[in-house]
Amino acid sequence: MNEIFTKTYTLLEPDTYIYIAWGGFLVLTALVVLLWRYGKRKWIKWATTAPLLFLWLVFLYGTYVGSNELKVRHIELTFEDLPEAFDGYKIVQFSDTHVGTMTGSRRALLERAIDSINAQNADMVAFTGDLQNKMPSEVEPVADLLKSIKAKDGVFSVIGNHDYPMYLKGDEYEKYDAMNERVALDDKLGWQLLVNERHTIRRGKDRILIAGMDNDGDGKRFPQNGDIQETLYGLKRNDFIVMLEHDPSSWRRNILRHSHTQLTLSGHTHGGQLSILGFSPASFKYHESYGLYNLDGRYLYVSSGLSGVVPFRFGIPAEIAVITLKKKK
């Protein structure tokens with residue numbers, strides 16, 4: 001039963017259902033062509049052709065136009081317990097670059113995104129996982145671009161499921177080397193990788209904590225290596241915490257239950273990459289699949305990311321999020 005449940009959930013991942021949709025379009029197209037050639041009733045021909053044309057328009061737009069769109073989303077969040085010195089603190093979040101897909105003409109999207117990130121004059125930049133598709137070597141062609149990201153307090157990052165070698169063919173030694181190479185990339189880029197740890201940012205006598213958990217997925221298809229106790233060990237109840245965690249399902253499963261974290265930033269879902277009339281298939285799998293969520297003054301923001309293994313987006317553009325923290329007066 002658990003295996004069936006897991007396989008069904010796998011179908012609700014964008015990387016899976018978009019591939020299935022493409023295959024379905026091709027099969028459906030072939031059937032409609034056969035119907036026009038051998039069918040006798042015109043109303044059946046048109047009844048099947050009209051929705052097929054709509055689906056092809058969605059497919060073509062999402063592949064060649066939607067996958068190159070970029071949105072800068074501005075969000076202001078107010079907290080009673082934000083230290084006074086951090087009133088107006090600006091965080092720029094980006095996620096799920098999947099740089100193996102951002103090659104050729106699609107490199108321009110990454111260039112625009114980084115220009116937009118640097119234009120915000122942020123206090124800090126947060127990257128919430130999935131730098132690569134499968135292997136660290138994908139990063140080399142865009143390393144100089146990624147190095148150019150700047151912020152007053154630096155760039156902080158966490159590991160996503162695609163940053164693990166689980167998608168890489170090879171023996172255990174090769175996968176071990178690939179994981180070490182991936183972890184070393186952040187140093188080369190000038191980013192601070194947080195793996196079940198935190199970093200203190202100070203303004204005079206005030207401070208906030210930037211915490212980062214390892215990927216905390218479902219433990220079946222996605223690695224469940226996040227350790228919130230280790231991440232927040234020794235912190236005080238009045239500390240203000242910004243948590244970076246790739247998988248948003250960890251918010252309800254771990255973060256809300258076992259901490260007082262005021263703000264969590266996640267990615268992973270890509271917003272589903274497909275949304276028609278406000279509906280995305282990803283919402284079947286994730287309670288929080290895209291956007292801002294608030295539970296008793298504790299916030300989660302799930303980014304739609306910049307890219308994906310499949311270069312397709314319809315109704316959910318790539319984005320960077322500019323989040324400004326405000327002190328409630």
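All of these numbers come straight from a predicted model, not from anything done at the bench.
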Peer 1: Test your reading of the model: is there a side-chain donor-acceptor pair from S266 to the backbone of E245, 3.5 Å cut-off?
Peer 2: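 Here the side-chain-to-backbone pair exists.
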
Peer 1: Nearest heavy-atom pair of V302 and P248: which atoms, and what distance?
Peer 2: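 Here V302 and P248 meet closest at CG2-CB, 3.7 Å.
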
Peer 1: Return the orientation label for the H199 and F156 ring planes: parallel under 30°, perpendicular over 60°, tilted otherwise.
Peer 2: tilted

Peer 1: Any donor-acceptor pair under 3.5 Å linking the side chain of T324 with the backbone of K90?
Peer 2: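 Judged by distance alone, no pair lies under 3.5 Å.
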
Peer 1: If you define the side chain from C-beta out and look only at heavy atoms, does anything of W56 sit under 4.5 Å from Y61?
Peer 2: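 Side chain of W56 against side chain of Y61, heavy atoms only: no contact under 4.5 Å found.
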
Peer 1: Is it true that R207 and D239 make a salt bridge, defined as a side-chain N closer than 4.0 Å to a carboxylate O?
Peer 2: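 Result for this pair is yes, salt bridge flagged.
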
Peer 1: Is it true that N254 and D216 share a donor-acceptor pair across their side chains at a distance under 3.5 Å?
Peer 2: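 Result is yes, a qualifying pair exists.
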
Peer 1: Between R237 and D81 (salt bridge meaning N to carboxylate O under 4.0 Å), is one present in this structure?
Peer 2: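 No, no charged N to carboxylate O under 4.0 Å.
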
Peer 1: When you look at R257 and I228, which way does the side-chain contact (heavy atoms from CB on, under 4.5 Å) test go after all the steps?
Peer 2: CA-CA 10 Å; R257 291 183 179 184; I228 195 164; over 6 Å; no

Peer 1: Nearest 0.5 Å please: distance from the CG atom of L70 over to the CD1 atom of I320.
Peer 2: 6.5 Å

Peer 1: Closest heavy-atom contact between A211 and T231?
Peer 2: CB-CG2, 3.8 Å

Peer 1: Is the centre of the F79 ring less than 6.0 Å from the centre of the Y89 ring?
Peer 2: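 So the answer is no for these two rings.
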
Peer 1: Begin with the C-alpha distance, continue with both residues' side-chain angles, and end with the deciding distance and a verdict on side-chain contact (heavy atoms from CB on, under 4.5 Å) for M213 and E197.
Peer 2: CA-CA 7 Å; M213 276 207 296; E197 56 190 316; over 6 Å; no

Peer 1: Should F314 and L55 be counted in the same cluster of Ile, Leu, Val, Met, Phe, Trp and Tyr side chains packed under 4.5 Å apart?
Peer 2: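 In one cluster: yes.
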
Peer 1: Before accepting this row, confirm whether a basic side-chain N of the pair E111/R107 lies closer than 4.0 Å to the acidic partner's carboxylate O.
Peer 2: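 Yes.
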
Peer 1: Rounded to the nearest 0.5 Å, what's the gap from CG on D296 to CG on N294? Could you check?
Peer 2: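 Result: 7.5 Å between the selected atoms.
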
Peer 1: Can you confirm whether L82 sits close enough to F240 that some side-chain heavy atom of one is under 4.5 Å from a side-chain heavy atom of the other?
Peer 2: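 Touching, per the 4.5 Å side-chain cut-off.
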
Peer 1: Is any side-chain heavy atom of S304 less than 4.5 Å from a side-chain heavy atom of R313?
Peer 2: yes

Peer 1: Is Y290 linked to L292 within one hydrophobic cluster, defined over Ile, Leu, Val, Met, Phe, Trp and Tyr using a side-chain heavy-atom separation of less than 4.5 Å?
Peer 2: yes

Peer 1: Below 4.5 Å, heavy atoms only, C-beta onward: do I208 and I241 meet side chain to side chain?
Peer 2: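 No, side chains not in contact.
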
Peer 1: Under 3.5 Å, side chain of R253 to main-chain N/O of D218, donor-acceptor pair present?
Peer 2: no

Peer 1: On the 0 to 90° scale, with breaks at 30° and 60°, tag the W191-F127 ring pair as parallel, tilted or perpendicular.
Peer 2: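 Plane angle between 30° and 60°, so tilted.
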
Peer 1: Look only at the side chain of N215 and the backbone of G160, and say whether a donor-acceptor pair between them is shorter than 3.5 Å.
Peer 2: no

Peer 1: Would you say the side chain of L263 lies within less than 4.5 Å of the side chain of L300, judging by non-hydrogen atoms?
Peer 2: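 The answer is no, as the side chains (C-beta and beyond) never meet within the 4.5 Å cut-off.
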
Peer 1: Are the side chains of I255 and M243 in touch, meaning some heavy atoms are under 4.5 Å apart?
Peer 2: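 Yes. Closest side-chain heavy atoms under 4.5 Å.
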
Peer 1: Examine distances only and state if a side-chain atom of D163 and a backbone atom of D130 form a donor-acceptor pair shorter than 3.5 Å.
Peer 2: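 Pair found, side chain donor or acceptor close to backbone of D130.
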
Peer 1: To check you understand the geometry: which heavy-atom pair defines the closest contact between T101 and G308, and what is its length?
Peer 2: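 Shortest heavy-atom separation between T101 and G308 comes out as OG1-O, 2.8 Å.
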
Peer 1: Using the rule that Ile, Leu, Val, Met, Phe, Trp and Tyr join whenever any side-chain heavy atoms are under 4.5 Å apart, tell me whether L146 and M102 fall into a single cluster.
Peer 2: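 Same cluster: L146 reaches M102 through Ile, Leu, Val, Met, Phe, Trp or Tyr contacts under 4.5 Å.
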
Peer 1: So, for F222 and H246, is the gap between ring centers shorter than 6.0 Å?
Peer 2: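 Centroid separation for F222 and H246: 6.0 Å or greater.
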
Peer 1: Test your reading of the model: is there a side-chain donor-acceptor pair from R106 to the backbone of V99, 3.5 Å cut-off?
Peer 2: no

Peer 1: Would you call H258 and Q229 a side-chain contact if the rule is heavy atoms closer than 4.5 Å?
Peer 2: yes

Peer 1: With sequence neighbours excluded, what pairs up with T128 under the side-chain hydrogen bond (donor to acceptor under 3.5 Å, both in side chains) test?
Peer 2: Q93, S95

Peer 1: Is there a path of hydrophobic side-chain contacts, each under 4.5 Å between heavy atoms of I/L/V/M/F/W/Y residues, joining V183 to Y167?
Peer 2: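 Yes: a chain of side-chain contacts under 4.5 Å links Y167 to V183.
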
Peer 1: About how many Å separate CG of D96 and OG of S307, when rounded to the nearest 0.5 Å?
Peer 2: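 Answer rounded to 0.5 Å: 9.0 Å.
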
Peer 1: Under a 3.5 Å distance rule, please check whether E138 uses its side chain to pair with a backbone N or O of K134 as donor and acceptor.
Peer 2: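 It does hold such a pair.
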
Peer 1: Quick one: pull up NE2 in H268 and OG in S249 and give me the separation to the nearest 0.5 Å.
Peer 2: 6.5 Å

Peer 1: Looking at Y293 versus H287, is the centre-to-centre ring distance below 6.0 Å?
Peer 2: no

Peer 1: Rounded to the nearest 0.5 Å, how far apart are CG of L185 and CG of L131?
Peer 2: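 One finds 6.5 Å between CG of L185 and CG of L131.
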
Peer 1: Looking at CG of L256 and OG of S250, how far apart are the two atoms once the value is rounded to the nearest 0.5 Å?
Peer 2: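 Separation between the atoms: 9.0 Å.
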
Peer 1: Any side-chain heavy atom of E174 sitting closer than 4.5 Å to one from L168?
Peer 2: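 With C-beta onward as the side chain, the pair stays apart.
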
Peer 1: Under the salt bridge (Lys or Arg N to Asp or Glu O under 4.0 Å) rule, what do K326 and E76 come out as? Steps first, then yes or no, please.
Peer 2: CA-CA 7 Å; K326 300 294 289 184; E76 187 174 289; 5.2 Å; no

Peer 1: Please check if any side-chain donor atom of N133 sits under 3.5 Å from a side-chain acceptor atom of H162, or the reverse.
Peer 2: no

Peer 1: Can you name the residues that form a side-chain hydrogen bond (donor to acceptor under 3.5 Å, both in side chains) with D186, not counting sequence neighbours?
Peer 2: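 If we apply the side-chain hydrogen bond (donor to acceptor under 3.5 Å, both in side chains) test to D186, skipping adjacent residues, the hits are S157, R182.
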
Peer 1: State yes or no: do L235 and V158 share one hydrophobic cluster built from I, L, V, M, F, W and Y residues joined by side-chain heavy-atom distances below 4.5 Å, directly or via other members?
Peer 2: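 Different clusters.
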
Peer 1: Give the minimum heavy-atom separation between F86 and I201, together with the two atoms involved.
Peer 2: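 Minimum heavy-atom contact is CZ-O, 3.3 Å.
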
Peer 1: Give the C-alpha distance, both sets of side-chain angles, the deciding distance and a yes or no for salt bridge (Lys or Arg N to Asp or Glu O under 4.0 Å) between D123 and R203.
Peer 2: CA-CA 11 Å; D123 290 291; R203 294 285 189 272; 3.5 Å; yes

Peer 1: Using the rule given for side-chain contact (heavy atoms from CB on, under 4.5 Å), can you reason through L77 versus I323, listing the C-alpha separation, both sets of side-chain angles and the distance that settles it, and then say yes or no?
Peer 2: CA-CA 7 Å; L77 301 177; I323 301 170; 3.9 Å; yes

Peer 1: Taking the side chain from S283 and the backbone from S280, do they hold a donor-acceptor pair closer than 3.5 Å?
Peer 2: yes

Peer 1: Heavy-atom count check: over 12 atoms from other residues, nucleotides or ligands less than 6.0 Å from Y64 OH?
Peer 2: no

Peer 1: So which heavy atom on L109 is nearest to which on E69, and how close?
Peer 2: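 The pair with the smallest heavy-atom distance is CD1-O, 3.9 Å.
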
Peer 1: Write down the atom of P136, the atom of A178, and the distance for their closest heavy-atom approach.
Peer 2: CG-O, 3.4 Å

Peer 1: In terms of side-chain heavy atoms, does E181 have a donor or acceptor partner in Y176 at a distance below 3.5 Å?
Peer 2: no

Peer 1: Is the closest basic N to carboxylate O distance between K327 and E84 below 4.0 Å?
Peer 2: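 Salt bridge absent between K327 and E84.
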
Peer 1: For R112 and D115, run side-chain contact (heavy atoms from CB on, under 4.5 Å): C-alpha distance rounded to whole Å, both residues' side-chain angles, the deciding distance at 0.1 Å, then the answer.
Peer 2: CA-CA 5 Å; R112 282 190 287 131; D115 285 344; 5.6 Å; no

Peer 1: Any donor-acceptor pair under 3.5 Å linking the side chain of K152 with the backbone of M124?
Peer 2: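 Not at all, since once roles are kept as given, no pair shorter than 3.5 Å links the two residues.
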
Peer 1: Can you find a side-chain donor-acceptor pair between D214 and Y164 that sits under 3.5 Å?
Peer 2: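 Note: D214 and Y164 side chains meet the donor-acceptor criterion.
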
Peer 1: So does S148 get a backbone contact from the side chain of N118, meaning a donor-acceptor N/O pair under 3.5 Å?
Peer 2: yes

